[in-house]
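What follows is a set of notes on a single structure, which appears directly below.
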Amino acid sequence: MTKQPEAIPVRLKSIFLETPNVRNYELALEGLLDGRGRLLRTIGEGRLVAVTGKAGRGKTKSSIHFAAKYGQLLLQAAVVWSPLEFLQAICREMKIKDPPRLKSGCFNLIVESLKAEPRVLFLDEFDIFTHHAKGLAQHYLEIARELADHSGYPVVLVGEEKLLPMMKINARVWSRTAAKVEFAPVDLATIIGYLSKAAGLEIQPEDAALMHAKCRGDFRPVVRAGQKLLDLCFAKRVQTIDREMVKIVLKMDLWGGN
């Protein structure tokens with residue numbers, strides 16, 4: 001019996017790829033630093049960074065990565081939150097126990113905490129507030145702007161495509177937007193690199209191109225397909241993905257709305 005290749009794992013490895021999107025994101029964050037690599041404070045006028053793109057392009061995973069790498073704060077927004085609950089959630093992320101029951105009290109504690117321990121505040125899924133009435137959606141945006149203004153430290157707003165128009169119609173917000181990062185669709189090289197690094201598998205560019213066309217820029221289906229391809233290779237005791245394997249995976253219910 002042929003010995004099973006030791007290099008092939010049973011499950012995909014959890015990896016973080018340095019894609020062009022990720023590099024653009026990091027460049028934007030580096031623009032928030034001074035010449036010595038310290039977070040720059042702009043007293044009286046905050047800075048916002050907009051990170052946008054369709055679902056599945058890696059915005060959240062990249063935000064988690066950078067928040068962990070640089071010791072920053074990350075909060076994922078929820079559509080059910082009132083403005084008070086939103087501020088209370090930020091307080092809890094900052095390890096502030098028993099957040100006040102007034103918006104002003106929460107706001108002041110957050111600002112003082114940022115001044116005492118300078119950090120970037122990443123607010124993920126911020127576009128979810130567009131589901132509220134227009135005036136209320138702008139209220140959440142004004143809270144983010146004022147947190148940046150009063151603390152002097154940046155706030156990164158992460159969301160899908162609706163976020164940018166939401167920001168552009170607010171002149172005070174848009175004038176404070178120091179950088180914009182748009183996550184482009186996943187490219188062919190990323191798919192090939194992911195299968196190699198996460199699964200130790202090789203795939204021909206023309207076969208990866210079939211997956212690229214099927215995923216329509218969304219990386220999540222690629223991850224799901226990657227596990228199925230890994231299972232097929234594991235069963236066949238090979239490390240190279242062939243066209244038949246790709247055809248099998250393309251027919252599976254892995255591709256979301258596609």
Side-chain angles (χ1 to χ4, degrees), residues 14-16 22 25-26 28-34 36-52 58-132 136-160 163 166-167 173 176-179 181 183:
S14 179
I15 64 169
F16 184 74
V22 170
Y25 198 165
E26 188 155 33
L29 296 177
E30 288 175 355
L32 304 175
L33 308 176
D34 64 15
R36 299 181 180 179
R38 297 175 302 188
L39 188 59
L40 181 66
R41 186 182 183 204
T42 51
I43 301 173
E45 183 170 313
R47 288 168 299 161
L48 301 173
V49 174
V51 180
T52 63
K59 302 182 302 298
T60 292
K61 191 167 185 178
S62 298
S63 299
I64 292 170
H65 171 79
F66 289 126
K69 180 178 179 179
Y70 296 113
Q72 314 296 355
L73 296 159
L74 176 84
L75 178 71
Q76 189 172 61
V79 71
V80 296
W81 284 343
S82 67
L84 172 59
E85 290 168 327
F86 173 51
L87 286 165
Q88 288 175 328
I90 297 175
C91 286
R92 293 189 187 97
E93 185 64 30
M94 291 180 157
K95 310 303 181 188
I96 297 171
K97 295 182 179 180
D98 300 320
R101 296 183 180 181
L102 292 175
K103 288 189 292 182
S104 59
C106 291
F107 181 90
N108 292 336
L109 282 176
I110 295 167
V111 168
E112 291 307 313
S113 178
L114 288 172
K115 288 180 179 178
E117 187 180 351
R119 287 171 287 178
V120 176
L121 176 58
F122 291 82
L123 298 176
D124 190 24
E125 305 285 0
F126 200 85
D127 63 295
I128 207 164
F129 294 133
T130 60
H131 292 285
H132 294 286
L136 185 55
Q138 285 295 322
H139 183 58
Y140 289 98
L141 199 54
E142 285 293 339
I143 290 173
R145 177 190 65 79
E146 289 187 348
L147 285 173
D149 278 0
H150 286 254
S151 69
Y153 293 109
V155 175
V156 178
L157 304 179
V158 184
E160 293 185 25
L163 176 58
M166 175 183 172
M167 297 175 69
V173 166
R176 288 164 171 78
T177 303
V181 182
F183 268 56

Backbone N/O of [Y] and side chain of [X]: donor-acceptor pair under 3.5 Å:
X      : Y      : result
Asp127 : Glu160 : yes
Asp124 : Thr60  : no
Thr177 : Ala179 : no
Ser63  : Lys59  : yes
Gln138 : Leu136 : no

For [X] versus [Y], what's the shortest heavy-atom pair and its separation?
X      : Y      : value
Leu40  : Pro154 : O-CD, 4.5 Å
Ala50  : Met167 : CB-SD, 3.7 Å
Met166 : Ala137 : CE-O, 3.1 Å
Pro83  : Lys103 : CB-CD, 3.9 Å
Leu157 : Ala144 : CD2-CB, 4.0 Å
Pro100 : Leu84  : O-CD1, 4.1 Å

Determine whether the aromatic ring centres of residues [Y] and [X] are separated by less than 6.0 angstrom.
X      : Y      : value
Phe107 : His150 : yes
Tyr25  : Phe66  : yes
Tyr140 : Phe126 : no

[X] side, atom [atom1]; [Y] side, atom [atom2] - distance, nearest 0.5 Å:
X      : Y      : atom1 : atom2 : value
Leu87  : Leu75  : CG    : CG    : 10.0 Å
Arg119 : Met94  : CZ    : CE    : 5.5 Å
Lys97  : Leu109 : NZ    : CG    : 14.0 Å
Cys106 : Arg101 : SG    : CZ    : 11.0 Å

Starting from the C-alpha separation in whole Å, work towards a yes-or-no answer on salt bridge (charged side-chain N to carboxylate O under 4.0 Å, His left out) for Arg41 and Asp34.
CA-CA 9 Å; Arg41 186 182 183 204; Asp34 64 15; over 6 Å; no

Going through the checks in order, is the side chain to side chain contact (heavy atoms under 4.5 Å, CB included) test met by His132 and Val79?
CA-CA 8 Å; His132 294 286; Val79 71; 4.2 Å; yes

Salt bridge (charged side-chain N to carboxylate O under 4.0 Å, His left out) evaluation trace for Glu117 with Lys95
CA-CA 12 Å; Glu117 187 180 351; Lys95 310 303 181 188; over 6 Å; no

Quick one: do Lys69 and Glu26 make a salt bridge, cutoff under 4.0 Å?
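Judged by the 4.0 Å cut-off on N to carboxylate O distance, Lys69 and Glu26 do form a salt bridge.
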
Of Leu74, Ile90, Val156, which is the lone residue that meets side-chain contact (heavy atoms from CB on, under 4.5 Å) with Leu123?
Ile90

If you apply the rule side chain to side chain contact (heavy atoms under 4.5 Å, CB included), what do you find for Tyr153 with Leu121, and how did you get there?
CA-CA 8 Å; Tyr153 293 109; Leu121 176 58; over 6 Å; no

In the structure I gave you, are the side-chain heavy atoms of Val120 and Leu73 within less than 4.5 Å of one another anywhere?
no

Can you tell if the side chain of Thr52 reaches within under 4.5 Å of the side chain of Val181, non-hydrogen atoms only?
no

Please report the C-alpha distance between Val51 and Phe183 in whole Å, then the side-chain angles of each, then the deciding distance to 0.1 Å, and finally whether the side chain to side chain contact (heavy atoms under 4.5 Å, CB included) criterion is met.
CA-CA 7 Å; Val51 180; Phe183 268 56; 3.6 Å; yes

Worked check of side chain to side chain contact (heavy atoms under 4.5 Å, CB included) between Arg176 and Arg47
CA-CA 5 Å; Arg176 288 164 171 78; Arg47 288 168 299 161; over 6 Å; no

